[in-house]
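To start, the structure itself, in structure tokens.
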Amino acid sequence: MIQLIRGFKDILPGETELWRYIEETSVSLFEDFGFQEIRVPVMERTELFQRSIGEETDIVEKEMYTFPDRKGDLITLRPEATASVVRSYIQHKMYAKDPIRKFYTIGPMFRRERPQKGRYRQFYQINAEVFGIESPLIDVQLILMLVTLFSKLLVTDIEVHMNSLGCPKCRPKFQEALAGLMLSAKDKLCKDCRRRSEKNPLRVLDCKVPSCREAMAGAPAIVDFLCPECTRHFETVKEMLEKQNIPFVIDKRMVRGLDYYTRTTFELQTGLLGAQNAVAGGGRYDNLVEALGGPAQPAIGFAIGIDRLVEIVALNKEELVKKPDVFIAALGEESMNRAFEWICGLNLEGIRADMDFSGKNLKPLMKRADKLGAEYVLIVGERELEEGSAILRNMQTKDQAVIPINSIVKNIKEKIR
RNA sequence: GUGAGUGUAGCUCAGUUGGCAGAGCACUAGGUUGUGGUCCUGGGAGUCGAGGGUUCAAGUCCCUUCACUCACCCCA
């Protein structure tokens with residue numbers, strides 16, 4: 001038997017209903033907030049991700065599906081969506097007509113990690129990205145949109161974590177202070193952190209090895225090194241979040257795994273998913289558009305992990321599988337032929353009608369109707385055909401009514417709606 | 001990449017010191033010849049993850065390998 005690739009999965013009937021419910025709820029909310037859909041490819045030139053996410057990140061270093069195509073060009077299955085959206089914004093010179101753009105996009109991402117609860121090699125994200133707005137108010141609006149979505153989906157066990165990573169102006173001073181501390185505590189750091197301390201010092205703050213946490217316990221927080229502009233930006237974000245009654249916690253240690261983030265970063269965390277507690281995350285990336293060859297335009301965005309969100313929503317969501325309105329239990333060949341015409345007519349009228357095609361007796365037909373969860377069963381056999389009537393049974397109340405066979409589609413439609 | 005646990009029927013799982021491959025649910029047929037959910041009786045269903053080894057004999061012991069799960073790591 002050929003099995004699917006490790007870390008990949010089929011999303012089966014019975015599950016897809018919930019996926020679509022979440023996607024449709026998101027899309028409709030995002031459009032209320034003025035976002036438009038954009039669709040970008042699942043593959044890009046490898047260079048795009050190296051330059052945006054950062055060479056020293058785990059994603060680029062060891063998680064990307066990168067391979068040469070038949071001509072030898074290095075291409076990568078996207079590990080995230082933002083880089084492509086930015087590329088598209090630049091490539092189509094969207095900033096020329098209107099630099100202010102709000103996009104959302106839904107699709108699969110690929111990272112070759114060891115699979116775990118809430119972590120797959122192909123996973124799905126809903127992204128929202130805003131270009132051209134520097135105001136902290138847009139940060140707040142984005143978080144408000146995210147929190148609203150979660151509350152619409154009845155997800156309550158969620159915490160908003162906030163941090164600010166500053167800008168190229170304030171970051172050097174912070175890194176200097178950090179470097180001093182790391183130098184003096186060098187022998188306490190794990191080997192990963194020793195490497196990180198040189199290449200990507202911010203990541204050391206995020207290490208979970210106890211000895212590193214201890215060594216870095218007195219580490220300066222980047223929020224204490226912010227330049228006046230970044231401070232004002234972050235203060236406004238916090239004030240406005242409070243005004244909007246959005247509870248949040250400041251997480252000075254939160255460093256995102258992608259290098260392009262600046263200023264505001266945030267993460268939605270839950271305790272319901274085991275070790276993978278981040279259901280959504282995002283932040284500003286004010287320098288990325290320019291870094292990828294576009295004009296200097298500020299930007300901010302977030303990504304929601306749909307797989308993880310599905311798991312949480314499934315915990316308290318009732319069945320979404322659609323059940324037949326009516327099941328026709330037809331006995332004998334002639335009845336089945338008539339029944340077939342009827343279900344086709346009913347389907348065209350928007351009624352969920354079904355039947356059995358194998359010529360079973362009434363009892364197994366009733367069993368099948370019950371299994372499908374049909375609200376009504378229409379019983380028709382030779383006897384009924386002769387009398388020009390059929391029996392419509394309400395499966396819950398067990399009431400049975402005799403209805404005439406001519407214009408039965410119309411009759412059923414009236415009865416059950 | 002590292003560690004731990006688990007692979008037996010469609011599903012959930014038993015399987016003793018190595019000795020005929022099992023149960024419940026589901027499916028199916030009947031009890032009730034035209035009425036579902038409960039009950040009773042029968043039936044079908046398996047490469048015991050795969051490959052190799054030890055043995056008269058392996059689901060059981062040994063080796064290899066694959067997959068799944070969880071954790072580390074990282075992130076959504």
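Reminder, nothing fancy here: chain letters follow the sequence lines and each chain counts from 1. Nothing here was measured: the structure is a model prediction, and the numbers come from that model.
In this structure, of B:rG34, B:rA76, B:rU35, it is B:rA76 that holds the atom nearest to the side chain of A:Phe123. Across B:rG34, B:rC73, B:rG37, the shortest atom-to-atom separation from the side chain of A:Gln276 is found for B:rC73. Distances were taken from every side-chain heavy atom of A:Glu113 (C-beta onward) to each of B:rA76, B:rG36, B:rG34; the shortest belongs to B:rA76. The side chain of A:Arg119 approaches B:rC73 more closely than any other nucleotide in the set B:rC73, B:rG36, B:rG34. Listed candidates were B:rU28, B:rG34, B:rG36. Nearest to the side chain of A:Lys360 is B:rU28.
Stem list for RNA chain B (at least 3 consecutive Watson-Crick or G-U pairs, distances under 3.5 Å): B:1-7 with B:66-72, B:10-13 with B:22-25, B:27-31 with B:39-43, B:49-53 with B:61-65.
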N/O to N/O distances under 3.5 Å, protein versus nucleotides 64-69 of chain B:
from	atom 1	to	atom 2	distance (Å)
B:rC68	OP2	A:Arg6	NE	2.9

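As judged by a 4.0 angstrom heavy-atom cut-off over every strand, A:Arg368 is placed among residues making no nucleic acid contact. Within 4.0 Å (heavy atoms only), A:Lys398 reaches at least one base atom of the nucleic acid.
Considering all non-hydrogen atoms of both residues, A:Phe327 and A:Asp356 come closest at CZ-N, 3.7 Å. Between A:Leu362 and A:Leu331, the shortest heavy-atom contact is N-CD2, 3.5 Å.
Within residues 147-163 of chain A, no residue has any heavy atom closer than 4.0 Å to RNA chain B.
Each of A:Ala278 and A:Gln396 was assigned the nucleotide of RNA chain B with the nearest heavy atom; the assignment lying further toward the 5' end belongs to A:Gln396.
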